[in-house]
Trainee: 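Quick one: structure below, then a few questions.
All of these numbers come straight from a predicted model, not from anything done at the bench.
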Amino acid sequence: MLPFFYQDNLTHNLADFTLDELSSKHCIQVLRMEAGTNIMLTNGKGLTCEASIKSPSKKHTVVTIKSSEFIEVSQPKFSLAIAFTKNKNRNEWLLEKLTEIGVSEIYPLLTHRSERDKLNMDRLNGILVSAMLQSQQSHLPNLHKAIKFKDFLEESELMNGQKFIAHCISEKDRNDFPKALKPGEDTLILIGPEGDFSEEEIALCLQNNFQAVSFGKNRLRTETAGLYACTVFNALNNE
């Protein structure tokens, strides 16, 4: 496969295009590419182009666009609202794996028991970009700014599709997630912090038409639960 590069200002109907300094350096200094070498470009919004290096430069490599294709975003959409842990490495691992498997929207939740309320958005978006390129995809997941739980519930009223909250507070009135999940529908799932959602937060979700679900008899860590939900969704919708 050809090397993949992210260029957020890439547009349709271009003859030549100048890579940004970071990609130029990686092409010429790290990969030691020369004129005539073919690469792939994406803007993270579905546009994918095959290009050939025209003028190598460590800062401003110019490429010639050979062909372009627009790839539609996968349907249905999977959205995850999750309270990140205090361990940033576990959060970053989760974002990488979510991107590789397939996620559309990620909402960092600030809950009653949240352990982390400050995020390095530039670093986290960089991890999403790297995972998108590594997995040869053309759509970059949308990582939203951290949002308070009650504010997110208000926003979720405008979202279509099925909505779930996973919690461990009580076995009562919880459905098994794989059985509750309907294929072909946009899906939003909420996952709480290590201490779980509060009873008040769970009650608010149920009042707002969320379904309470379980991920099985084993209690999962926050990032494991997020990855499990994403994996089940994609397995069900890619059959």
Trainee: For Ala180 and Gln211, which heavy atoms make the closest approach, and how far apart are they?
Mentor: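 Closest approach of Ala180 to Gln211, heavy atoms only: CB-OE1, 4.2 Å.
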Trainee: Rounded to the nearest 0.5 Å, how far apart are SG of Cys230 and CD1 of Ile189?
Mentor: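 These two atoms lie 10.5 Å from each other.
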Trainee: Hydrophobic clustering (ILVMFWY, side-chain heavy atoms < 4.5 Å, transitive) - are Leu22 and Leu128 grouped together?
Mentor: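 Leu128 does not cluster with Leu22.
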Trainee: With side chains defined as the heavy atoms from C-beta onward, is the minimum distance between Ser52 and Lys66 less than 4.5 Å?
Mentor: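 Contact flag for Ser52/Lys66 side chains = yes.
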Trainee: So, taking the atom named CG in Asn125 and the one named CG in Asp8, what distance separates them when rounded to the nearest 0.5 Å?
Mentor: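 With rounding to 0.5 Å, CG (Asn125) is 11.0 Å from CG (Asp8).
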Trainee: So do Arg219 and Cys168 actually touch side chain to side chain, heavy atoms under 4.5 Å?
Mentor: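 They are in side-chain contact.
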Trainee: Heavy-atom distance under 4.5 Å between the side chains of Phe17 and Ile65, does that happen here?
Mentor: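 Side chain of Phe17 against side chain of Ile65, heavy atoms only: contact under 4.5 Å found.
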Trainee: Val129 versus Thr99: any side-chain heavy-atom pair under 4.5 Å?
Mentor: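 No, their side chains stay 4.5 Å or more apart.
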Trainee: Decide side-chain contact (heavy atoms from CB on, under 4.5 Å) for Met33 and Ile53; before the verdict, give the C-alpha distance in whole Å, the side-chain angles of both, and the deciding distance to 0.1 Å.
Mentor: CA-CA 8 Å; Met33 293 180 170; Ile53 295 178; 3.6 Å; yes
Trainee: Students often mix this up, so state it plainly: with edges at 30° and 60°, are the rings of Phe149 and Phe197 parallel, tilted or perpendicular?
Mentor: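 Tilted, since the angle between the ring planes falls between 30° and 60°.
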Trainee: Using the side-chain contact (heavy atoms from CB on, under 4.5 Å) rule, take Cys205 and Leu153 through it: C-alpha gap first, then chi angles, then the decisive distance, then the call.
Mentor: CA-CA 7 Å; Cys205 280; Leu153 281 190; 3.8 Å; yes
Trainee: Count the heavy atoms of every other residue, nucleotide or ligand shown that sit under 6.0 Å from CZ of Arg221, and state whether that count exceeds 12.
Mentor: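 No - once you tally the heavy atoms of other residues, nucleotides and ligands closer than 6.0 Å, there are 12 at most.
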Trainee: Can you tell me how far apart CG (Leu204) and CD (Glu199) are? Round to the nearest 0.5 Å.
Mentor: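 Nearest 0.5 Å value for the CG-CD distance: 12.0 Å.
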Trainee: What is the distance from atom CG of Leu10 to atom CG of Leu47, rounded to the nearest 0.5 Å?
Mentor: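 Going from the CG atom of Leu10 to the CG atom of Leu47 covers 4.5 Å.
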Trainee: For Arg123, is the CZ atom crowded, meaning more than 12 foreign heavy atoms sit under 6.0 Å from it?
Mentor: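 Open.
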Trainee: Taking Tyr6 as the starting point, is it possible to reach Leu14 by hopping between hydrophobic residues whose side chains are less than 4.5 Å apart?
Mentor: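 No, separate clusters.
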Trainee: Assess the residue pair His144 and Glu105 against the criterion (side-chain hydrogen bond (donor to acceptor under 3.5 Å, both in side chains)); give the C-alpha distance rounded to whole Å, side-chain angles, the decisive distance to 0.1 Å, and a yes or no.
Mentor: CA-CA 8 Å; His144 297 261; Glu105 310 283 339; 2.6 Å; yes
Trainee: Does any donor atom in the side chain of Gln7 or Asp20 lie under 3.5 Å from an acceptor atom in the other side chain?
Mentor: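 Result is yes, a qualifying pair exists.
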Trainee: For the residue pair Gln137 and Ser135, confirm or rule out a side-chain donor-acceptor distance under 3.5 Å.
Mentor: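 Yes - a donor-acceptor pair under 3.5 Å links their side chains.
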Trainee: Less than 4.5 Å apart, side chain to side chain, heavy atoms only: is that true for Leu94 and Leu227?
Mentor: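 Yes. Closest side-chain heavy atoms under 4.5 Å.
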Trainee: Taking the six-membered ring for Trp, is the centroid-to-centroid distance between Tyr107 and Phe152 below 6.0 Å?
Mentor: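 Yes.
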Trainee: Which atom names give the shortest non-hydrogen contact between Leu98 and Gly226, and what distance separates them?
Mentor: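 Closest approach of Leu98 to Gly226: CD2-O, 3.8 Å.
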Trainee: Using the rule side-chain contact (heavy atoms from CB on, under 4.5 Å), only one of Thr187, Asn175, Ile191, Leu188 pairs with Phe164; which is it?
Mentor: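 Exactly one option meets the side-chain contact (heavy atoms from CB on, under 4.5 Å) with Phe164, and it is Thr187.
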Trainee: Gln136 versus Met1: any side-chain heavy-atom pair under 4.5 Å?
Mentor: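 Yes - at least one pair of side-chain heavy atoms lies under 4.5 Å apart.
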Trainee: Treating Ile, Leu, Val, Met, Phe, Trp and Tyr as nodes and any side-chain heavy-atom pair under 4.5 angstrom as an edge, say whether Phe4 and Leu19 lie in one connected cluster.
Mentor: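 The answer is no; the residues belong to distinct hydrophobic clusters.
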Trainee: Is the NZ atom of Lys148 crowded by more than 12 outside heavy atoms at less than 6.0 Å?
Mentor: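 Not more than 12 within 6.0 Å, no.
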Trainee: Determine yes or no for a side-chain-to-main-chain donor-acceptor pair under 3.5 angstrom, with Arg113 supplying the side chain and Pro193 the backbone.
Mentor: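 Looks like no, no N/O pair under 3.5 Å.
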Trainee: With heavy-atom distances below 4.5 Å as the criterion, would you say the side chains of Leu143 and Pro108 are in contact?
Mentor: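 A side-chain contact under 4.5 Å exists here.
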Trainee: Ignoring hydrogens and angles, state whether a donor on the side chain of Ser104 or Asn142 is under 3.5 Å from an acceptor on the partner side chain.
Mentor: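 Ser104 vs Asn142: no donor-acceptor pair found between side chains.
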Trainee: Please check if the side chain of Lys77 supplies one atom and the backbone of Val73 the other of a donor-acceptor pair under 3.5 Å.
Mentor: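 No, Lys77 side chain to Val73 backbone: no donor-acceptor pair under 3.5 Å.
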Trainee: Are any side-chain N or O atoms of Asn234 and backbone N or O atoms of Gly102, one a donor and one an acceptor, separated by less than 3.5 Å?
Mentor: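 Yes; judged by distance alone, with no hydrogens or angles, the pair exists.
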Trainee: Looking only at the side chains, is there a donor atom on one of Asp16 and Thr64 sitting less than 3.5 Å from an acceptor on the other?
Mentor: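 A pair is found: one side chain offers a donor N or O, the other an acceptor, under 3.5 Å apart.
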Trainee: Is Leu31 reachable from Val62 through a run of I, L, V, M, F, W or Y residues, each pair having side-chain heavy atoms under 4.5 Å apart?
Mentor: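 Val62 and Leu31: separate clusters.
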Trainee: Looking just at side-chain N and O atoms, do Thr48 and Glu69 make a donor-acceptor pair shorter than 3.5 Å?
Mentor: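 No pair is found: no donor N or O on one side chain lies under 3.5 Å from an acceptor on the other.
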Trainee: Closest approach of Ser114 and Leu109, non-hydrogen atoms and distance?
Mentor: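 The answer is OG-O, 3.4 Å.
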Trainee: Distance-only, no hydrogens or angles: does the Asn91 side chain make a donor-acceptor pair with backbone N or O of Thr85 under 3.5 Å?
Mentor: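 Checking the backbone N and O of Thr85 against the side chain of Asn91, a donor-acceptor pair under 3.5 Å is found.
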Trainee: Do any pairs count as a ring pair (Phe, Tyr, Trp, His ring centres under 6.0 Å) and have a residue in residues 65-90, sequence neighbours left out, and if so which ones?
Mentor: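 Listed once each, the pairs are Phe78-Phe233.
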Trainee: What's the verdict on side-chain contact (heavy atoms from CB on, under 4.5 Å) for His112 and Glu200, showing C-alpha distance, side-chain angles and the deciding distance?
Mentor: CA-CA 9 Å; His112 178 68; Glu200 178 188 3; over 6 Å; no
Trainee: Given salt bridge (Lys or Arg N to Asp or Glu O under 4.0 Å), test Glu201 with Lys150 step by step and report yes or no.
Mentor: CA-CA 8 Å; Glu201 289 167 338; Lys150 289 185 178 180; over 6 Å; no
Trainee: Would you find more than 12 non-hydrogen atoms of other residues, nucleotides or ligands less than 6.0 Å from Gln75 atom CD?
Mentor: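 It does: Gln75 CD has more than 12 such atoms within range.
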Trainee: Against Ile28, only a single residue in Pro56, Ser23, Ser57 fulfils side-chain contact (heavy atoms from CB on, under 4.5 Å); can you say which?
Mentor: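 Between Ile28 and the candidates, side-chain contact (heavy atoms from CB on, under 4.5 Å) is satisfied uniquely by Pro56.
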Trainee: Kindly give the heavy-atom pair with the smallest separation between Ile71 and His139, and that separation in Å.
Mentor: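 Heavy atoms of Ile71 and His139 come nearest at O-NE2, 2.6 Å.
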Trainee: Measure the shortest side-chain to side-chain distance between Phe177 and Ser214 over non-hydrogen atoms and say whether it is less than 4.5 angstrom.
Mentor: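 Result no, sub-4.5 Å side-chain heavy-atom pair not found.
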Trainee: Quick one: closest heavy-atom pair of Phe215 and Ala166, and the distance?
Mentor: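 Result for this residue pair: CZ-CB, 3.6 Å.
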Trainee: Do you reckon Tyr228 sits in the same ILVMFWY cluster as Val103, going by side-chain contacts under 4.5 Å, direct or chained?
Mentor: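 Yes: a chain of side-chain contacts under 4.5 Å links Tyr228 to Val103.
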Trainee: Is it true that the side chains of Thr222 and Glu194 contain a donor and an acceptor less than 3.5 Å apart?
Mentor: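 A donor-acceptor contact under 3.5 Å links the two side chains.
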Trainee: Atom NZ in Lys145, atom CG in Leu110: separation rounded to 0.5 Å?
Mentor: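 Here the interatomic distance stands at 13.0 Å.
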Trainee: Which atoms form the tightest heavy-atom contact between Ile127 and Leu95, and what is the distance?
Mentor: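 Nearest pair, atom of Ile127 first, then Leu95: CG2-CB, 4.4 Å.
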Trainee: Are the side chain of Lys54 and the backbone of Ala35 linked by a donor-acceptor contact shorter than 3.5 Å?
Mentor: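 No, because the side chain of Lys54 does not come within donor-acceptor range (under 3.5 Å) of the backbone of Ala35.
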Trainee: Just verifying a value: how many Å separate Met40 CE and Glu50 CD, rounded to the nearest 0.5 Å?
Mentor: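 So the gap between those two atoms works out to 5.5 Å.
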Trainee: If you apply the rule side-chain contact (heavy atoms from CB on, under 4.5 Å), what do you find for Asn43 with Asn9, and how did you get there?
Mentor: CA-CA 6 Å; Asn43 63 357; Asn9 59 340; over 6 Å; no
